[in-house]
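First the proteins, then the strands, lettered A, B, ... as listed; each starts at 1. Because only heavy atoms are used, hydrogens play no part in the values below, and waters and symmetry mates are left out as well, while side chains stay in.
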Protein chains: 2
Amino acid sequence: MEKTPENCQVEDALGILVGKWKPVILLYLLQEGTKRFSELKRKMPGITQKMLTKQLRELEDEDIIQRVVYAQVPPKVEYSMTEYGRSLEPVLDAMHDWGAKHTVRKVVKADQVKSS
Amino acid sequence: MEKTPENCQVEDALGILVGKWKPVILLYLLQEGTKRFSELKRKMPGITQKMLTKQLRELEDEDIIQRVVYAQVPPKVEYSMTEYGRSLEPVLDAMHDWGAKHTVRKVVKADQVKSS
DNA sequence: CCCCTAAGTATCTTTTTGTATACTATACCA
DNA sequence: TGGTATAGTATACAAAAAGATACTTAGGGG
């Protein structure tokens, strides 16, 4: 498909990746494989249980990750990437590469005025 | 640099690209070059003036786009990508490619329970 | 009997984003 | 003299995302 701003497919990938914690969750699952809820939580100090649950649910709803519940007490729930989810790897890679090369800038600049 | 979730550079690129209209603005500027404020606005029916201004300001603050004001009345202001901004092209491409190949899914699925 | 654990829910509040509308300045045109 | 065009700002409001805190469930250990 043609790359025009009108059929902006960029939004789709963006929609999936947006969420304060989603990229981190995806990187963990991509690089370290299946993880339990509590393992993810430990890896991300600062995230609340509610937030982690919500992000995971959203990723699951979009078929990016898979959730498997073990019928035991205390509960055990494992999360892993789906095949479909793995297709996002190039996107995450491109973003990671960019981030690694470019430090984010914060610029304060004066207006550039042309007299023409 | 190593790709670990801990040094999650993915967030940086994401931070820049997030905003309901930013990807579209960037695609326009990347593919069609310098654009005036009013041209961008016409291209994006639905965006309010305030929002367009805000998105442009944020992109400018991060040195992704450049703003040039012409000292004339009625005002003329032109926006274009910076060199730095152009470095985001591979990221936008990766997202676009993904979006073109994969329709976004919305899945409703029952829990997968394992008895072990 | 009581506490611990794991993976959540349920509420409530705060912060961030986005929308809607109205208003401004000033040269040019009829 | 009044209307048009451009690139905004100001204000108020609505909606979405994020954060804080407390509560739940049920088996196992002491």
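When rounded to the nearest whole Å, the span between NZ of B:K35 and C1' of D:dT6 equals 17 Å. In this structure, NZ of A:K76 is placed 13 Å from P of C:dG8, rounded to the nearest angstrom. For the pair A:Y70 OH and C:dA7 P, the computed distance is 11 Å after rounding to whole Å. Spacing between atom CE of B:M51 and atom P of D:dA7 amounts to 19 Å, rounded to whole angstrom units. To the nearest angstrom, P of D:dA7 lies 10 Å from CG of B:L52. The separation between A:I25 atom CD1 and D:dA18 atom P is 11 Å, rounded to whole Å. Across the protein-nucleic acid pair, B:Q49 atom CD and C:dT19 atom P stand 14 Å apart, rounded to whole Å. Computed from coordinates, the A:K41 NZ to D:dA20 C1' distance equals 13 Å when rounded to whole Å.
Residues B:L88 and B:M81 fail the side-chain proximity criterion, which asks for heavy atoms closer than 4.5 Å. Contact check for B:I25 versus B:L52: side-chain heavy atoms found under the 4.5 Å cut-off.
Side-chain atoms of B:P74 lie closest to D:dT6 of the nucleotides D:dG27, D:dA7, D:dT6. Listed nucleotides C:dT9, D:dG8, D:dT6 differ in distance to B:R57; the shortest reach to its side chain belongs to D:dG8. Among the nucleotides D:dA18, C:dA6, C:dT26, the one closest to the side chain of A:R36 is C:dA6.
Between B:Y79 and B:F37, the ring planes are tilted. Angles from 30° to 60° get that label.
Between the side chain of B:Q72 and the base of C:dA27 there is no donor-acceptor pair of N/O atoms closer than 3.5 Å.
Partner A:L56 forms a side-chain contact (heavy atoms from CB on, under 4.5 Å) with one of A:I64, A:V77, A:D61, A:L40 and no other, that one being A:L40.
Under a 4.0 Å N-O distance rule, the pair A:E83/A:R86 qualifies as a salt bridge.
Residue-level contact check: B:R67 touches the backbone only, with heavy atoms under 4.0 Å from sugar-phosphate atoms and none from bases. B:Q55 comes within 4.0 angstrom of sugar-phosphate atoms only, judged by non-hydrogen atoms across all strands, and of no base. A:K50 comes within 4.0 angstrom of a nucleotide base, judged by non-hydrogen atoms across all strands.
Residue whose closest nucleotide on DNA chain D sits further toward the 5' end, between B:Y79 and A:V18: B:Y79. Mapped onto DNA chain D by nearest heavy atom, A:P75 and A:I47 fall at different nucleotides, with A:I47 at the one closer to the 5' end.
Dashed line: the shortest gap from a side-chain N or O of B:S38 to OP1 or OP2 of D:dA7 is under 4.0 Å. Between A:K20 and the phosphate of D:dG19, there is a side-chain N or O to OP1/OP2 separation shorter than 4.0 Å.
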